[in-house]
Number of protein chains: 4
Amino acid sequence: MSTPRRSARAHTAVLDAASQLVLEHGYGRLTVDAICARSGVSKATVYRWWPNRAAIVVEALLESVQPDVAYPDTGSLREDLVGQATALARALAAPGLGGTLVALLGEARDDRDLATALRNGWQEPRRAAGREVVRRAVRRGELPADVDADLVLDGVYGPLYLRLLFGHAGLGRDEVQRIVDQVLDGCGGGHRAG
Amino acid sequence: MSTPRRSARAHTAVLDAASQLVLEHGYGRLTVDAICARSGVSKATVYRWWPNRAAIVVEALLESVQPDVAYPDTGSLREDLVGQATALARALAAPGLGGTLVALLGEARDDRDLATALRNGWQEPRRAAGREVVRRAVRRGELPADVDADLVLDGVYGPLYLRLLFGHAGLGRDEVQRIVDQVLDGCGGGHRAG
Amino acid sequence: MSTPRRSARAHTAVLDAASQLVLEHGYGRLTVDAICARSGVSKATVYRWWPNRAAIVVEALLESVQPDVAYPDTGSLREDLVGQATALARALAAPGLGGTLVALLGEARDDRDLATALRNGWQEPRRAAGREVVRRAVRRGELPADVDADLVLDGVYGPLYLRLLFGHAGLGRDEVQRIVDQVLDGCGGGHRAG
Amino acid sequence: MSTPRRSARAHTAVLDAASQLVLEHGYGRLTVDAICARSGVSKATVYRWWPNRAAIVVEALLESVQPDVAYPDTGSLREDLVGQATALARALAAPGLGGTLVALLGEARDDRDLATALRNGWQEPRRAAGREVVRRAVRRGELPADVDADLVLDGVYGPLYLRLLFGHAGLGRDEVQRIVDQVLDGCGGGHRAG
DNA sequence: GGATAACCGAGACGGTACGTCTTGTCTTCAT
DNA sequence: ATGAAGACAAGACGTACCGTCTCGGTTATCC
């Protein structure tokens with residue numbers, strides 16, 4: 001019962017190559033063969049550790065983006081939300097990430113593992129952090145105790161992803177602010193109370 | 001200037017076949033060859049009229065779904081929004097549509113024509129109808145005159161699409177109601193005023 | 001029920017490329033990919049018309065070698081046999097053919113179609129011609145009427161192939177003559193009787 | 001000068017596994033990995049002692065078949081030859097051996113070591129024994145003193161291998177007898193003299 | 001109402017990526 | 001310091017789908 005001793009070199013080379021290639025040509029034009037060529041890792045090895053192209057990309061994506069979407073703790077719910085959501089919007093607007101994420105979400109409809117990876121690896125950590133932010137605000141009295149944190153978060157991030165999907169409106173700090181204001185007003189935490 | 005004498009038979013046969021095949025196997029497993037086989041239309045003909053698989057599917061999708069997402073006119077903004085959004089949520093939750101739409105949105109990142117088709121053919125008509133509903137509500141005094149209709153609509157549909165994407169929460173009538181309530185409270189049209 | 005209209009260009013390009021590559025690198029190093037690259041024909045097309053590498057090579061081989069192994073008609077059985085067998089020996093000793101044939105015969109053990117192709121396409125035509133030569137000799141009185149033509153032919157070609165297989169002896173005109181002499185002496189058609 | 005302390009266990013396990021697998025699936029489907037799996041010997045060890053698949057198989061083949069093709073000494077050349085050749089024909093007709101041998105001979109065109117191994121390990125011992133048999137016959141006066149032993153042997157074994165290669169005729173005792181008769185008649189040792 | 005295009009179906013084609021397989025080398029770990 | 005386990009690079013395999021193309025055959029206008 002020996003743990004497979006996967007080669008760290010090959011592993012990171014694949015993820016790096018995938019990240020680069022997605023940036024250069026977009027997810028749609030990403031090819032496992034190209035990843036192999038760029039990384040110097042053989043196809044057999046790639047397929048030993050990942051079931052398909054999407055799995056490689058989620059792993060690369062989660063690894064690279066994880067750190068830089070932490071919530072600030074400004075003492076004001078409004079500021080916290082606007083800060084994080086603006087950072088997220090900026091990240092998603094960058095050439096590689098937004099498009100890749102949407103494409104992955106599209107594929108995830110036919111790929112249960114991918115869907116799980118995205119929910120657990122991308123969505124859930126952010127959401128957990130968001131719930132904590134909301135809880136802090138409740139403790140500070142900015143929101144009523146019976147507020148539904150998930151509804152608040154959906155209210156903020158929903159419009160953000162919607163605009164990412166259809167691209168029908170911008171996502172600068174101003175737009176994000178107005179979204180957050182509308183949500184906070186709607187759930188009893190009007191920003192004037194900040 | 002000769003009008004292309006596009007064969008109506010071939011045209012609808014292709015769209016029908018595409019719809020069926022998407023329902024049966026999902027968009028991801030849809031193949032132009034399969035569409036040809038099912039419809040009895042040749043590849044040459046298919047490619048004469050559509051540039052690629054996605055274009056066929058958007059057309060089939062827009063044609064089939066267009067009618068059944070009209071807004072009711074109940075005299076109450078809240079009722080109108082809840083009614084339409086619930087219907088939309090139900091449609092998107094059905095096996096074929098939701099997945100297909102997300103997949104198409106994913107591909108649209110690399111396909112400007114597809115993106116345009118989705119925005120103009122799917123998003124914009126619904127949004128125009130939605131703006132009209134909001135305008136009616138303003139006329140009735142349910143909302144302040146300076147309300148930003150698009151922000152309201154993003155507030156309602158954003159969470160809906162977000163849950164479609166990640167599947168982290170349900171989309172029954174109750175959930176939709178709570179979403180709509182939060183938005184209306186947030187933009188000065190509290191539902192108590194309904 | 002339309003006959004598949006295979007492209008003559010692609011067909012001959014594949015056979016030519018296969019012949020060249022076998023000559024250059026030997027059958028053992030022959031690759032379908034290389035045939036495709038050399039011929040400019042796609043893999044799909046190659047596999048549409050041939051089940052595997054061996055089938056391509058037999059066809060190329062049969063087509064190219066067929067003509068130049070006809071029997072002479074010298075009026076003497078001994079001369080006819082020596083002439084043809086020497087020509088065959090020379091052909092088999094050439095870089096490509098002998099090795100390829102042996103390799104194909106090896107693979108034919110696991111490939112019934114290949115075995116049939118070799119028997120019907122290579123062995124049988126030669127053998128039929130050989131039987132005719134023997135029959136002529138019987139008519140001329142060089143051999144008794146009850147001679148077993150196949151046994152005679154095996155007696156001539158058996159040693160020839162054996163030396164091809166193990167390479168333990170040469171196959172010049174002299175060696176072939178001595179083989180033929182021994183066979184004819186053995187079957188009642190001693191060459192002194194010629 | 002350190003004697004490689006070749007593990008007897010590993011060595012015989014590999015040869016046994018190779019023999020079994022050839023019998024079960026044929027040489028064409030034999031895999032080094034399968035030999036390792038079956039024998040419990042690691043690939044590193046296998047490749048330490050044999051350069052490739054063919055080398056393993058020749059060794060296994062030579063070891064297993066060597067004993068049972070000895071020449072009888074009946075006092076009659078004809079009987080000796082018919083006896084040995086019939087035994088050989090039976091051995092070659094068995095599922096594993098004939099096919100394997102032909103396949104190896106095919107590969108030997110590209111593998112000088114393999115060719116040498118087959119000639120020295122398979123062909124030459126048999127031929128040496130055969131020459132001795134012929135020499136005995138000369139001593140007994142069954143054949144003229146100037147007979148070419150190799151030509152006689154090629155006359156007997158040539159047709160045998162030819163039929164093995166193309167499978168165009170049977171190889172029972174009767175057929176072998178007629179082959180031997182023809183050869184002996186042809187080289188001055190008519191079987192009536194037996 | 002016969003000519004003449006554009007259309008149609010069928011399906012072969014070059015191309016490209018897929019995911020699998022086997023080879024022979026190299027590394028790691030346990031003995 | 002040997003050998004089993006097995007990861008690795010290389011690269012061929014045979015399959016699938018794409019989008020283009022060439023075929024004949026069939027409409028369906030326009031003279």
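A note on names: the letters A, B, ... follow the listed sequences, proteins ahead of strands, and every chain is numbered from 1.
Between the CH2 atom of W49(A) and the P atom of dA9(F) there is a distance of 12 Å, rounded to whole Å. K43(D) places its NZ atom 14 Å from the P atom of dA9(F), with the value rounded to the nearest Å. Here dC18(E) presents its P atom at 18 Å from OH of Y47(C), a figure rounded to the nearest Å. dC18(E) atom C1' lies 11 Å from atom CG of N52(A), rounded to whole Å. When the C1' atom of dC18(F) is taken as reference, atom CH2 of W50(B) falls 17 Å away, rounded to whole Å.
Residue A44(D) has its side chain nearest to dC26(E) when only dC26(E), dC8(E), dC13(F) are considered. The side chain of S42(D) lies closest to dA5(F) when the candidates are dG15(E), dC13(E), dA5(F). Out of dC13(E), dG9(E), dT23(E), the shortest distance to the side chain of R9(C) is found at dC13(E). Picking from dG19(E), dT23(E), dC8(F) the nucleotide with the shortest atom distance to the side chain of V32(D) gives dT23(E). In this structure, of dA7(F), dT23(E), dA9(F), it is dA9(F) that holds the atom nearest to the side chain of V41(A).
Heavy atoms of A34(A) sit nowhere under 4.0 angstrom from any nucleic acid atom. Within 4.0 Å of R29(B), counting heavy atoms only, lies no atom of the nucleic acid at all.
Note on T45(D): every side-chain N or O is 4.0 Å or more away from OP1 and OP2 of dT2(F).
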